[in-house]
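Comments concern the structure below.
Only a predicted model underlies this, so the values are computations on that prediction, with no experimental measurement involved. Both ligands and their constituent atoms are indexed starting at 1 by order of listing.
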Amino acid sequence: MAKCVKVEKKNGEATRQKLIAAGAFDPSFVPEADEKFVYFAVKKPVKGMKIVERRLRSRERKFRSIQEALRGKLSEKELEEVVRSFDVVGDVAIVEIPLGLQAKEKLIAEAVMEVHRNVKAVARKMGPMEGEFRVRKLKVIAGEKRTETLYREHGAMMRIDLAKAYFSPRLAFERKRIAEQVGKGERILAMFAGVGPFPLVIARKQPNVEIAAVELNPDAVRLMKENVKLNHAEGSIKAILGDVHEVVPMKFRGWADRILMPLPKGAHEFLGDAFLAARKGCVVHFYHFGPVGKAAAEAKGMVRKAARKAGRKVSFLEERVVRPYSPQAEQVVVDFRVLD
Ligand SMILES: C[S@@+](CC[C@H](N)C(=O)[O-])C[C@H]1O[C@@H](n2cnc3c(N)ncnc32)[C@H](O)[C@@H]1O
């Protein structure tokens, strides 16, 4: 309960100003109105104004964790099952609801919004990433009915639709790492470009580049084109709808100074295209999922084999674990240079 001043709506703004001037206005509660009156929380009594008690919504975060927000609403056993980590992209949260808790999905989603006040919609994962486009089914279970959002990364703005095109905020470090290596005037082939996060972050850091961003999913290409405009990057990025296997042999033989291959599974099937597109000295960023501790060696084996087949020589520059995937598997990136 908050101590409030109750005034007729028509006097609302004047009263608010008076309370602020008197140092009595309490901004930690959200003012509320009914049909006739408006209620402002106050820190101290004000001469000539009657004080009433009313339940107002606090602006302060009441809970530090989703578990805390759900205490008393779920059993201790259920609380243990509630997932602790989830992705927030822009103002949309994507959560995984354990099988046994599906009847409580709304409660859980509301707790997410309670703890993360910037979240305006909560979507539940309805399955794994599927198909060539790597999208998963989502169901919005709380907040605004949308999966589209605006997301900012390293100064680049992106419109994203989580139900229509792949996007992962977990690759943000990779995008920055690569953008920092890009030199003036480079020609970059961004394979599997999605809604354009790699090209956009690169162009933001180094606008003097030519990026060919190839993507198969028409929804992703539509969003990428919007994002290129949104970031005024028309001079640096060309979004191309198509299959890397077809576009590269047709348009980009011997063209690229740098190639990005962020397809988590199966990127090795495109190494032949990468060698076709690579000029002498080209740097390739090759992503691969494999067994923990062995994924990088596996990736390098694939690169050596494809290089032999293409009659090219390579030298390895850097390798790093991008993210753990499961207790058994991890995603790695291996950077290499095409020597001749
Ligand atoms: C894991 S996502 C990467 C998206 C983006 N680079 C990012 O970081 O958000 C892989 C993308 O590759 C696209 N894709 C799959 N096969 C392709 C192909 N043969 N040619 C072009 N794009 C392809 C999918 O539609 C998907 O958007």
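- Between D243 and ligand 1, a contact under 3.5 Å exists for at least one N or O pair.
- Listed by atom number, the atoms of ligand 1 under 4.0 Å from P264 heavy atoms are 1 (C).
- Any N or O atom pair closer than 3.5 Å counts here, and L171 shares no such pair with ligand 1.
- Near G242, with a cut-off below 4.0 Å to any heavy atom, the atoms of ligand 1 are 20 (N), 21 (C).
- Within 6.0 Å of NZ in K50 there are 12 or fewer heavy atoms belonging to other residues, nucleotides or ligands.
- Residue P197 has at least one heavy-atom neighbour below 4.0 Å for each of these atoms of ligand 1: 7 (C), 8 (O), 9 (O).
- More than 12 heavy atoms of other shown residues, nucleotides or ligands fall within 6.0 angstrom of atom NZ in K9.
- Atom 22 (N) of ligand 1 has its closest protein heavy atom at L216 N, 3.2 Å.
- Tested against I178, the residues R175, E180, E174 include a single side chain to side chain contact (heavy atoms under 4.5 Å, CB included) partner, E174.
- Residue R320 qualifies as enclosed at atom CZ: its count of foreign heavy atoms under 6.0 Å is above 12.
- By the 3.5 Å distance cut-off applied to N or O atoms, V244 is counted among the residues near ligand 1.
- Near N217, meaning under 4.0 Å from any of its heavy atoms, are these atoms of ligand 1: 25 (O).
- Considering backbone and side-chain N/O of L263, none are found under 3.5 Å from N/O of ligand 1.
- Scanning all heavy atoms of the two residues, the minimum distance from L107 to K73 falls at CD2-CD, 4.0 Å.
- Of the N and O atoms on the side chains of D91 and Y151, not one donor lies less than 3.5 Å from an acceptor on the other residue.
- Below 4.0 Å from some heavy atom of F270 lie the following atoms of ligand 1, by number and element: 19 (N).
- The protein atom (non-hydrogen) at minimum distance from atom 15 (C) of ligand 1 is E132 O, 3.3 Å.
- Protein heavy atom closest to atom 5 (C) of ligand 1, with residue, atom name and distance, is F192 O, 3.5 Å.
- Between H288 and F286, the two ring planes are parallel [angle under 30°; tilted spans 30° to 60°].
- Each of the atoms 6 (N), 8 (O) of ligand 1 lies under 4.0 Å from some heavy atom of F198.
- One hydrophobic cluster holds both V338 and L189 under the rule that ILVMFWY side chains link at heavy-atom gaps under 4.5 Å.
- Within the listing of ligand 1, atoms 5 (C), 6 (N) sit less than 4.0 angstrom from a heavy atom of A193.
- At the top of the distance list for atom 2 (S) of ligand 1, counting protein heavy atoms only, stands Y166 CD2, 3.3 Å.
- In the vicinity of P262, heavy-atom distances shorter than 4.0 Å reach the ligand 1 atoms 1 (C), 3 (C), 6 (N).
- The aromatic rings of H116 and F86 sit perpendicular to each other, their planes meeting at more than 60°, with 30° as the lower class boundary.
- With distances taken over non-hydrogen atoms, the option nearest atom 27 (O) of ligand 1 out of E269, E215, R134 is E215.
- Residue R175 has at least one nitrogen or oxygen atom sitting less than 3.5 Å from a nitrogen or oxygen atom of ligand 1, judged on distance alone.
- Put simply, the side chain of N227 gets close to the backbone of R159: a donor and an acceptor are under 3.5 Å apart.
- With a 6.0 Å radius and a threshold of 12 heavy atoms from other residues, nucleotides or ligands, K18 has its NZ atom at or below the threshold.
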